[in-house]
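Here the structure comes first, spelled out in structure tokens, and everything after it is commentary.
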Amino acid sequence: GNSVQLTINITVGATPPNTGLTISGPLNLGTIALGGSVSGALTASGGTPPYTFTASGLPAGVTASGSGISGTPTSPGSYSVGITVTDSTGTIARSAINFSVFGIAPATLAPGVTSSFYSFFFSAAGGTPPYTFSASGIPPRFSFTSGGWFNGTPTAVGTYTIAVTATDSNGAASSASFPFSITLPPPLKVSGGSLSDTT
């Protein structure tokens with residue numbers, strides 16, 4: 001026959017507190033050309049303000065500020081920047097900002113040498129493959145294919161600037177310039193032992 005009594009106070013019509021912390025905003029920024037800028041911000045709701053935002057997986061050239069990211073990516077590719085929001089009680093929610101940077105992969109062309117075969121493959125990233133390449137400023141005795149191959153056997157020294165354009169399957173284009181020089185082969189060196197006069 002033991003019993004216990006508990007008094008509960010109930011207020012009718014009050015809005016229950018929102019404890020579900022969520023993130024919303026532009027989660028997919030699409031594709032930008034290499035050299036273009038990217039900008040995106042997320043908004044937190046629920047939980048208990050104030051909120052703190054942190055970012056991970058930032059590509060070179062992009063920084064996090066406040067609740068979003070901004071900057072100019074320096075390399076082509078597809079990126080997913082992780083965003084974490086923490087409210088004042090320590091509750092955490094996570095999301096990501098996704099985008100693609102379409103461009104020709106950075107490259108440094110080694111000098112060509114006269115009378116020696118030279119070959120280099122240009123590649124692109126981001127955008128929608130397959131990619132089609134074209135170029136201008138090609139030195140004499142060289143060719144450039146739509147697949148990105150640059151090759152030939154030079155016969156004279158010179159300095160050139162090769163302008164390469166990549167076009168993806170959606171018609172988006174990205175261009176970059178690459179310095180290229182042709183030099184003479186190193187001088188021939190002859191070495192040997194000493195000669196003696198014998199009779």
Side-chain angles (χ1 to χ4, degrees), residues 6-109 120-134 147-148 161-179:
L6 176 65
T7 300
I8 300 176
N9 297 316
I10 299 176
T11 301
V12 179
T15 302
N18 182 3
T19 58
L21 182 61
T22 60
I23 306 177
S24 59
L27 304 182
N28 192 338
L29 303 181
T31 300
I32 65 171
L34 185 64
S37 61
V38 61
S39 178
L42 299 181
T43 302
S45 60
T48 305
Y51 308 111
T52 302
F53 291 84
T54 57
S56 61
L58 290 166
V62 178
T63 59
S65 177
S67 62
I69 62 172
S70 61
T72 303
T74 58
S75 297
S78 296
Y79 301 98
S80 181
V81 178
I83 302 294
T84 299
V85 60
T86 307
D87 74 357
S88 60
T89 68
T91 301
I92 293 176
R94 293 183 174 88
S95 188
I97 298 178
N98 303 299
F99 60 93
S100 180
V101 180
F102 173 47
I104 300 170
T108 300
L109 302 184
F120 186 86
F121 174 71
F122 288 91
S123 62
T128 305
Y131 308 111
T132 302
F133 293 85
S134 61
T161 298
I162 303 172
V164 180
T165 298
T167 305
D168 75 354
S169 60
N170 290 328
S174 181
S175 301
S177 295
F178 302 88

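The first residue in the sequence is number 1, and the count goes up from there.
Although no hydrogens or angles enter the test, the distance criterion places no donor-acceptor pair under 3.5 Å between the side chain of Ser174 and the main chain of Ala33. Between the Ser88 side chain and the Thr48 main chain, a donor and an acceptor come within less than 3.5 Å of each other. Side-chain atoms of Ser78 never come within 3.5 Å of backbone atoms of Ser100 as a donor-acceptor pair (strictly under, hydrogens ignored). With hydrogens and angles ignored, the 3.5 Å screen pairs a side-chain donor or acceptor of Asp168 with a backbone N or O of Asn170.
Scanning all heavy atoms of the two residues, the minimum distance from Phe178 to Ala107 falls at CD2-O, 3.5 Å. Ala173 and Thr165 get closest at one heavy-atom pair: CB-CG2, 4.2 Å. Shortest non-hydrogen contact noted between Pro59 and Val81 is CD-CG2, 4.0 Å.
Paired with Ser80 under the rule side chain to side chain contact (heavy atoms under 4.5 Å, CB included), one option of Asn98, Ile97, Leu27 passes, and it is Asn98.
A donor-acceptor contact closer than 3.5 angstrom is absent between the side chains of Thr167 and Thr132. Looking at Ser70 and Ser39, their side chains never bring a donor and an acceptor atom within 3.5 Å of each other.
Taken from OG1 in Thr72 to CG in Leu34, the straight-line distance is 9.5 Å, to the nearest 0.5 Å. Note: Leu58 CG to Ile69 CD1 = 6.5 Å, rounded to the nearest 0.5 Å. Summarising the geometry, atom OG1 belonging to Thr84 is positioned 10.5 Å from atom CZ belonging to Phe53; distances are rounded to the nearest 0.5 Å.
Annotation: Phe122 is not in aromatic contact with Tyr131 [ring centroid separation under 6.0 Å not met].
With sequence neighbours excluded, no residue forms a ring-ring contact (aromatic ring centres under 6.0 Å, His included) with Phe133.
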